[in-house]
Protein chains: 2
Amino acid sequence: MSTIRDVSKQAGLSIATVSRALSTPEKVSPESLKRVQAAIEKLQYRPNMLSQKFRYNSANSIVVLVPNIANLFFSTVISGIENVAQKRGFNVLLGDTRDSMQREQEFVHLVETRQADGLIQLRPYKANNSLLPKAHVTAVNASGCENTPYPTVRIDNVAAAQEVMRYLISLGHKRIGMISGLKDNPHAIDRMRGYKAALAEAGIEFDPALVTEGDFTLWSGLNASGHFSRMPTPPTALFCMNDEMAIGAIKGLKSKGFRVPEDISVTGFDDLEFAKYSDPALTTIAQPAGKIGEKAAELLFQLLDGTHEGSTEFVLPYEFVIRQSTGPAPQQQN
Amino acid sequence: MSTIRDVSKQAGLSIATVSRALSTPEKVSPESLKRVQAAIEKLQYRPNMLSQKFRYNSANSIVVLVPNIANLFFSTVISGIENVAQKRGFNVLLGDTRDSMQREQEFVHLVETRQADGLIQLRPYKANNSLLPKAHVTAVNASGCENTPYPTVRIDNVAAAQEVMRYLISLGHKRIGMISGLKDNPHAIDRMRGYKAALAEAGIEFDPALVTEGDFTLWSGLNASGHFSRMPTPPTALFCMNDEMAIGAIKGLKSKGFRVPEDISVTGFDDLEFAKYSDPALTTIAQPAGKIGEKAAELLFQLLDGTHEGSTEFVLPYEFVIRQSTGPAPQQQN
DNA sequence: CTGTTAGCGCATTCAC
DNA sequence: GTGAATGCGCTAACAG
């Protein structure tokens, strides 16, 4: 591997001139420029970015902490982050944490040790969980939730859940089951609030028996659906906290002889590509996953540049998409 | 940000001793060690890895080139790569190329400029497309295909496709349609060979009218299914080159009044998590996506270490998973 | 066991 | 427009 020194020798010029030829060619005479270029070509010289990073004390990379990369919602957010990082000439370091705090800590360490300049966290933070502030690490939480002290980009989960519930209620549903995420998941907490708010609004009493816990996977949705199908009077609608669980639940319900939506309506959350192709196609909340990623990255760069002003909380619009998995409440159930 | 020099001053020791305390504590007296630790604690010192990387001329990272990160197959492979990179203390740089050669080139550049030590390509290479060899870049192709000059980890696509086809033929199917990937996609080429081989074996003539081209997306599968449903005598089975297209096709066929598998059998390829939850559940080839990633990473590290011996082509076993989307050919069609 | 010294590759002074 | 000299933070070789 040739260095800038080799190039300078080959060109018969000083290191400084070669360096200038690379960064500010207008400050170098055409003649020298040509010789430098020839030398570079001949030696197949490539500047050692490791050295540049060291000198500038800037890694030109950001790390993205993701609980599980093989999750379509997250990977779409990452796509958005990549988009703007690419434009800024930044690399994206992938931190697949698998919900392990230890792994997460290791990736935060990358920023502390300057291997990355900043961090985007895709996992929603719990209020008490303050991994970041003890280190001076520039960070943004994408897909964040309310009441966190971190700069955050999110949608209004409470309102979105409430909107879905209002729609179900408007279709005549009164017994509406829910497949929640883990109880301490901040998204689960927010969406639960929307669920309860809509019930209260409609004068329907909250029934804990209608709530069952999943973990946002297909399997947990399938599993949870069993709880409902075994009830003497099953709910007529099921509000699922994400699309995977909704699709899993539909699978389970159908196998038990339920028709969706004739016997039971099912709603999701996220609007994965697969939601359209589910049978029946899923009524769901479309989160602007790509946009969330882009906005989070933009915010992070502003923070890094010190050019950010104003609020550090961005609430992006969601969209309620009505498809075929929801219908009027069956008459006999009233 | 404090440096090792600050720590040495604070501890009243030389820089070298501090450095040793960090890397080889057994070579430092307990007394000094304690003072170093105290100084580090007080100053909140963190070693600057940028400097270490520079000195060792090793970035301790690998880049993964992926055509589309929001694709479940790829993200599962990446998960596998992450697994072994993590163990080796390497970072994974994400290169979402979006099928753009320019973007791909930029990521290869990361290796040329030492920002990464090696590269794993998830896109299958065409025989003529030699992006890598002109640069001296250590690389492995995961999900590769036959006859490439690069170290590669793959499954036997020809045999897998042939096995699926044999199964369909054994069920009595004679008119078997295919939803292919883009014609010049190496995977498409290999799987097509398997398709044709099975037909030839069974004495069934190849009919180009039964082949339609998709691009591995859900939508293209849905779209392609229209081609078949409009035929005067549609095929009784459909071999799709991946699960997404199969799921899209099933959606399309059902909407046209076809029953799967009673009227038409459908098979996929990959065995995404969603394949189980499709209705009907998909008969498909299970690629060991995670394993492919792990093996590719292991191979890359061996190459980087110079400890690799023997073949640079690994063919991993696949599994043929029979679910409910396939059944006997309908009688009336014979 | 500890300290002094040199140098990794590059960009940037400051002279000329 | 150009070159010589300096230093970024760290480790390794050497000397004590």
Side-chain angles (χ1 to χ4, degrees), chain A residues 1-40 43-61 89 109-117 136, chain B residues 1-40 43-61 89 109-117 136:
Chain A
M1 291 266 127
S2 45
T3 73
I4 199 172
R5 164 171 281 111
D6 302 323
V7 176
S8 76
K9 277 184 192 147
Q10 173 73 32
L13 291 162
S14 74
I15 292 178
T17 303
V18 177
S19 177
R20 275 189 286 259
L22 256 28
S23 53
T24 52
E26 68 276 11
K27 293 188 175 178
V28 170
S29 75
E31 164 61 16
S32 299
L33 207 54
K34 218 173 357 180
R35 282 162 59 192
V36 169
Q37 280 160 349
I40 287 176
L43 298 173
Q44 282 289 301
Y45 168 74
R46 295 280 178 282
N48 181 345
M49 296 300 290
L50 249 31
S51 170
Q52 290 193 15
K53 288 177 171 185
F54 165 57
R55 190 165 192 295
Y56 288 125
N57 196 28
S58 149
N60 254 256
S61 7
H109 197 66
L110 292 180
V111 185
E112 299 179 318
T113 58
R114 276 92 138 195
Q115 298 184 73
D117 305 300
H136 32 84
Chain B
M1 292 269 126
S2 44
T3 74
I4 199 171
R5 163 171 279 110
D6 301 323
V7 176
S8 76
K9 278 185 194 144
Q10 173 72 31
L13 292 161
S14 75
I15 293 177
T17 302
V18 176
S19 176
R20 273 189 290 258
L22 257 28
S23 53
T24 52
E26 68 276 11
K27 293 188 174 180
V28 170
S29 75
E31 166 60 18
S32 299
L33 207 54
K34 216 170 5 180
R35 281 162 63 190
V36 169
Q37 280 160 350
I40 287 176
L43 299 173
Q44 281 291 302
Y45 166 74
R46 295 281 176 281
N48 181 344
M49 295 299 290
L50 250 30
S51 169
Q52 290 193 18
K53 288 177 172 185
F54 165 58
R55 187 155 198 300
Y56 287 128
N57 196 29
S58 149
N60 255 257
S61 8
H109 196 66
L110 292 180
V111 185
E112 298 179 318
T113 57
R114 275 86 137 203
Q115 298 184 74
D117 305 299
H136 32 84

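Chain letters run A, B, ... following the sequence lines, proteins first and then strands; every chain starts at 1.
In this structure, NZ of B:K9 is placed 20 Å from P of C:dT2, rounded to the nearest angstrom. What separates NZ of B:K27 from C1' of C:dC1 is a distance of 11 Å, to the nearest Å. In this structure, the CD1 atom of B:I4 is 12 Å from the P atom of C:dG3, given to the nearest Å.
Not counting sequence neighbours, the partners of A:R46 by the salt bridge (charged side-chain N to carboxylate O under 4.0 Å, His left out) test are B:E112. When the side chain to side chain contact (heavy atoms under 4.5 Å, CB included) test is applied to B:A38, no partner is found at least two apart in sequence or on another chain.
Counting any heavy atom pair closer than 4.0 Å across all strands shown, B:S32 reaches sugar-phosphate atoms only and no base atom. Counting non-hydrogen atoms under 4.0 angstrom, A:S29 reaches the backbone sugars and phosphates but no base. Looking at heavy-atom distances under 4.0 Å, A:L50 makes no contact with the nucleic acid at all.
Under 4.0 angstrom from either OP1 or OP2 of C:dT12 there lies at least one side-chain N or O belonging to A:Y56.
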Contacts under 3.5 Å, N or O only, protein and nucleotides 14-16 of chain C:
none

Protein-nucleotides 5-8 of chain C N/O pairs under 3.5 Å:
| unit_1 | atom_1 | unit_2 | atom_2 | d |
| --- | --- | --- | --- | --- |
| C:dG7 | N2 | B:R55 | NE | 2.8 |

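Protein chain A contacts DNA chain D over a range whose 5' and 3' limits, counting nucleotides with an atom under 4.0 angstrom from a non-hydrogen atom, are D:dG1 to D:dG9.
Side-chain N/O atoms of B:T113 and B:Q115 include a donor and acceptor closer than 3.5 Å.
Side-chain contact check for B:S58 versus B:D117: some heavy-atom pair is nearer than 4.5 Å.
With axes fitted over five pairs at each extremity, the angle between the ends of the helix from C:dC1-D:dG16 to C:dC16-D:dG1 is 40° (10° resolution).
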Take A:V28 and A:L13 through the side chain to side chain contact (heavy atoms under 4.5 Å, CB included) test and state the conclusion after the steps. CA-CA 11 Å; A:V28 170; A:L13 291 162; over 6 Å; no
